Structure formats: structure tokens, C-alpha cells
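First up is the structure itself, then whatever we jot down about it.
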Amino acid sequence: MESVKPILEFKKTCVSYTKQTMAVKYVSAAIERNTITAIMGPSGCGKSTLLRAVNLMHNLYPNIRVDGEILLNNENILSMEPIDVRRRVGMVFQRPAPFPTMSIYDNVLSGYTLNGIRLSRNQKEETVEHCLQSVALWDEVKDVLNKKGTFLSGGQQQRLCIARALAMKPDVLLMDEPTSALDPIATAHIEELMQDLQKEVTILIVTHNMGQAMRISSKSMFMYLGELVEYGNTKDLFSNPKDERTKAYLTGKMG
Amino acid sequence: MNDKLYKILLFVATLTMPIVCGGVMYALVTDAYDAFEHFGFFKFLTSSDWNYTDGSEQYGALPFITGTLMTTLLALIFCIPFSLPVALFVGEYFNGTKIAAILSTVTDLLAGIPSIIYGLWGFYTLRPLIMAFDISPQGSGILTASLVLAIMIVPYAASLSAEFIKMVPNDLKEGAYSLGATHAEVIRKIVFPVAGSGIFSSYILAIGRALGETMTVTMLIGNTNNIPDSITSTGNSMASIIANQFGEADDLRLSSLIAIGLALFLITAIINMIGKIMIKRARIA
Ligand SMILES: Nc1ncnc2c1ncn2[C@@H]1O[C@H](COP(=O)(O)OP(=O)(O)OP(=O)(O)O)[C@@H](O)[C@H]1O
Ligand SMILES: [Mg+2]
């Protein structure tokens, strides 16, 4: 096996919404740099919960507890400032939600304006063009950059949200079912895009679409009832699942 | 058959409201006609004389228009620093918690207090304070009335703004947090801009209330008929001059009071309409 140093490492990570139950139970896994890891599993098994732990989204809600460790470049993010973590770990949500009061241009730069970071005009224009180009949106919107982001189609909005996250130059990009609200063409666009992005950023993607997982990911996780049941190379996991529960899920006998 | 009767009844009942509204308008216009004819429409609104000595009668609405605008504007200025934090507290910081529920119940309770009570409180508590601090010798005046008006409109502005603040989608807030924004930045750069038109319209509706508020203002404004020269001087608002003088007025003076009433009615109606339209827009967006 490779001995590459992981960029992200879960160590007995647990998340609970209530005192009695755990939504994520003792997940341990190491994620390699510049890979795409798909997280699969039946509805309610804790995929989103695990993903949201990585950029400390759970800190926004005082009742949610996160235990164990999550290491980003060997540093435990659970004891870091949420703001620092979130600037290094971007997130794309299920429903595209560009900021409705901002133009397309300002949406791409929103990470900077929100954080009060000033950029020169040149830096701004470069960032906008580069980010929109890397999500393959530049040609479609370069003449309407001052229009509101909400005028775009759903797929375009989602790509804008990816560009917005990429503008902060994150080390890790979390994507929670980013294509589930999109049509097949927009989905194909985004899948293609992720393949390219892999060079710059490590991607964790939650998906219900097994075809998508097979097409884009090199590693896959299968979760069930909050536990990480199986984690390995996507090819192996699909062709030769070790756990009965994984097998049942992949053959459609579950979930 | 029964169905038809029901429909007719419904129709008649529904028609009553526009008829009443039209009737009020008609009565106001016919009764105000004398004053407008005698002084001229524009002259009446811009003249500052209010003299009811027989023989040299002279009426103009400017002191009262000024009084209304001053009290309303001041009340708005005093209201914002209280209502906005309450709205943020209830709608964002403690949204969904018990403290927020208690606070919004208390604010709603404040909205239900009859204006005469606010008037009494202003008269017997606030006015002596204003005198004690040497802000104005007589205690009553534009400032006193505005302060109490402000307290009266805080609940309206706060609870309505809180609704709009609550309506800002969580998706957007989480999106901003995920980019590394702090809570303060999310409020400043996402919550306020997104809820902005709704918050603005809440204040328009609050203004609509302040404009027509009669009892409290009449008790506290000092009831003098010249243009107030500072915020501590006494005056009269459009509503308070009517409340003060309608009992003893007749002929031209009564017509002048009604003309002021008509102007107030129109201003308030327009302000409320703008507010409602803006709220509708804000809800749809
Ligand atoms: N805010 C919350 N409060 C309480 N329980 C929650 C909350 N969010 C999720 N849960 C519970 O935690 C468990 C895991 O939920 P999670 O959203 O992570 O599932 P998921 O795998 O992402 O499912 P889906 O595929 O439907 O998105 C579920 O049992 C869910 O009911
Ligand atoms: Mg989910």
C-alpha cells in the first residue's frame, strides 16, 4: 500500500445531535491528498453529518457534540478556530444557494468580502476569471458578471457556488450531493469539472448515485447507521465488497 | 337558492367596506372644502397662521404638518437603536429559544397597551424627568412626545423586522459560514442585505402608526400653534390639533381642522400603502 501522508484523517470521530444517540459512530479513515472520495450509504446513515464535521459546521449549533479527532495536515481541527478551518475546507451544499443580493462577480469574491479581506482590482478580476473558468462557467457568464447570481440556471448556480468555494483556495472541498438537484447534463458538467479540480484540491463527495461514485472517485466509503462499514478503492468496493451490508446496498437490496 | 342568498349577503357585506371608506372620504372632502376654497389649497398647507379671533380668522396647516413630521422622524430615530437589536435578538441570535419567545411576548404585550396609558406614563414619569434634567422648562414638547411615540412603535418595528430576519434562508447563512465568515459578518453582509427591504418596510409601517397617533401626542406635545423652532419646544401635530380644538370649533375653523384631517388621512394612507407593497415584494423575493 502507499505510504503517502494523508491530508485528512478521521480518528474515532463521533457526532451526536442528542444525548442519547450518535449520528456518526467512531469513524476512522485517512484521506489522501488530491483524491476524490465518495461517501455512500442509505438515507439517514450520517453522511452529511460526517461531512459537516470536517468544516466545523456543527459548531454553529450548540447542542451538537463532536468527539474524537479530525486531523487536517496533522492538526486536530476540533481544537482550531472554526474560521481558520472553514477557509481551508470549502463546502458545496445540496441546493445551490448563491447570495441573492450579490452579482455573479461578487458571489465569486464573497469569501473575501465576508472575511473583510481586501483585494486589488487586478487580483479580483484574476480570481473571478480563474475560478469561473475552472468551473467551466466563464464563457457562459463573462458578459453578465454584474447580473445577480440567482438569474442563472440551477446547474450554473451550483457551478457558481463551487467557484465561490474555490476562490478561497481550500485544501479540501466537501460536496454534499452537489448534483442531486440538477439535470443529467449539468451533472455531467460538474462531474467532469471535479476530475480537473482533483489536481488542486482534495474532494469528499456524498452521493446517492453509484454510477457517479464509480465514474469520479478513486476511494469510496460505505456508511450504515452512523458507522463506517467499508472504506477502500472504489473499484474494489464495487466489484468485491467485503461486508454483507455493503453488498446488500450495492445490489439494491437495501436503502 | 340558498347558495344564491348566501352569495348576495356576502356581496353586500363585502361592499360595505368600500362604501364606508368612500363615505369617509366624501365627508372629509366636502367639509374641508370651505377651508381650501377660502385660503387656497396650497396656501392653506403652507401658511403658518392659526388665529381664531373673530374678524381676523386665519388658518394654515404648516405648524401641524411640521409638528407631525418632527415627532414622527424623531420617534423613528429613537426607535431604531432599540427595535433593531430586539429584532436581531429574537430573529437571529436567540431564534427558537425560550428567551426569544419571552422577549417577543413582552414586545407584543407592549403593542397592546392603550395609548392613553403611554400618555399617562409620559406625562407623570417622563415629563418630570425632562424638567429635572433641565432639557426643557415645561417638560412637554416635541421631544417628550417623540420619546414616548418611539417606545410605542418599537414593538411593531421589532416584531415585523424579526419576521424578515427569520426568513433569511439557512442555506445562505451556512453558505457564508462555510466561507469562513463570523457571526457578525454573516449578519452584516448576508442577513441585513437579504432581509433589508423587509426591515425597511417594517419601519415604513411603524411610521404609518406614529403619524396618526393622537392621544399620547396630544397629552405630551404642549399644544401650541406655532412652528416648533427646536426639538425641545412645544407644538402640535396634525392629529393633536384636531383632538384639541374640534369641540369648540365651528365654521371656517372646523373646516380647517377637517382639512388637516384629510391631509393626514392621505399621508397615512400613502405611507401604509407603500409599506404594504414593499412587504409583499419582500415576502415574494
Ligand atoms: N439537526 C439534526 N438534529 C437531530 N438529528 C439530526 C439532525 N440532522 C440529522 N439528524 C439525524 O442524524 C442522522 C444522520 O443524518 P444525516 O443528515 O447525516 O444523514 P445522511 O446520510 O446525510 O442522509 P441523506 O442521504 O438523507 O442526506 C439521521 O438519523 C438524522 O435523523
Ligand atoms: Mg445528507
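Numbers restart at 1 for each chain; the letters A, B, ... are given by sequence-line order, proteins then strands. Model, not experiment: these values are computed from the prediction.
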[X] atom [atom1]: more than 12 heavy-atom contacts under 6.0 Å:
X        : atom1 : result
B:His183 : NE2   : yes
B:Phe200 : CZ    : no
A:Met80  : CE    : yes
A:Arg88  : CZ    : yes
A:Lys169 : NZ    : no

For residues [X] and [Y], report the shortest heavy-atom separation together with the two atoms involved.
X        : Y        : value
B:Leu172 : A:Pro98  : CD2-O, 3.5 Å
B:Glu174 : A:Tyr61  : OE2-OH, 2.6 Å
A:Arg87  : B:Leu179 : CG-O, 3.9 Å
A:Met102 : B:Ile190 : CE-CD1, 4.1 Å
A:Met91  : B:Ser178 : CB-CB, 3.9 Å

Exercise. Please round to the nearest 0.5 Å and tell me the distance separating atom CZ of A:Arg86 and atom OH of B:Tyr177.
Key: 8.0 Å
Quiz item: Nearest 0.5 Å, what's the OG1-CZ distance between A:Thr113 and B:Arg188?
Solution: 10.5 Å
Quiz prompt | Between A:Glu81, A:Arg164, A:Met168, the one whose heavy-atom pairs under 4.5 Å with chain B are most numerous | solution =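 Of the candidates given, the most pairs with chain B belong to A:Arg164.
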Self-check item: Contact class of A:Thr150 relative to chain B, heavy atoms under 4.5 angstrom
Solution: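 Looking at A:Thr150, nothing touches chain B.
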Exercise. Below 4.5 Å from any heavy atom of chain B, which atoms of A:Val89 appear? Answer side chain, backbone, both or neither.
Key: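 For A:Val89, backbone heavy atoms alone lie under 4.5 Å from chain B.
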Practice problem: Could you check if a side-chain atom of B:Asp171 sits within less than 4.5 angstrom of a side-chain atom of A:Phe93, using non-hydrogen atoms only? | Solution: no
Quiz item: Is there a donor-acceptor pair under 3.5 Å between the side chain of A:Asn55 and the backbone N or O of B:Gly180?
Solution: no
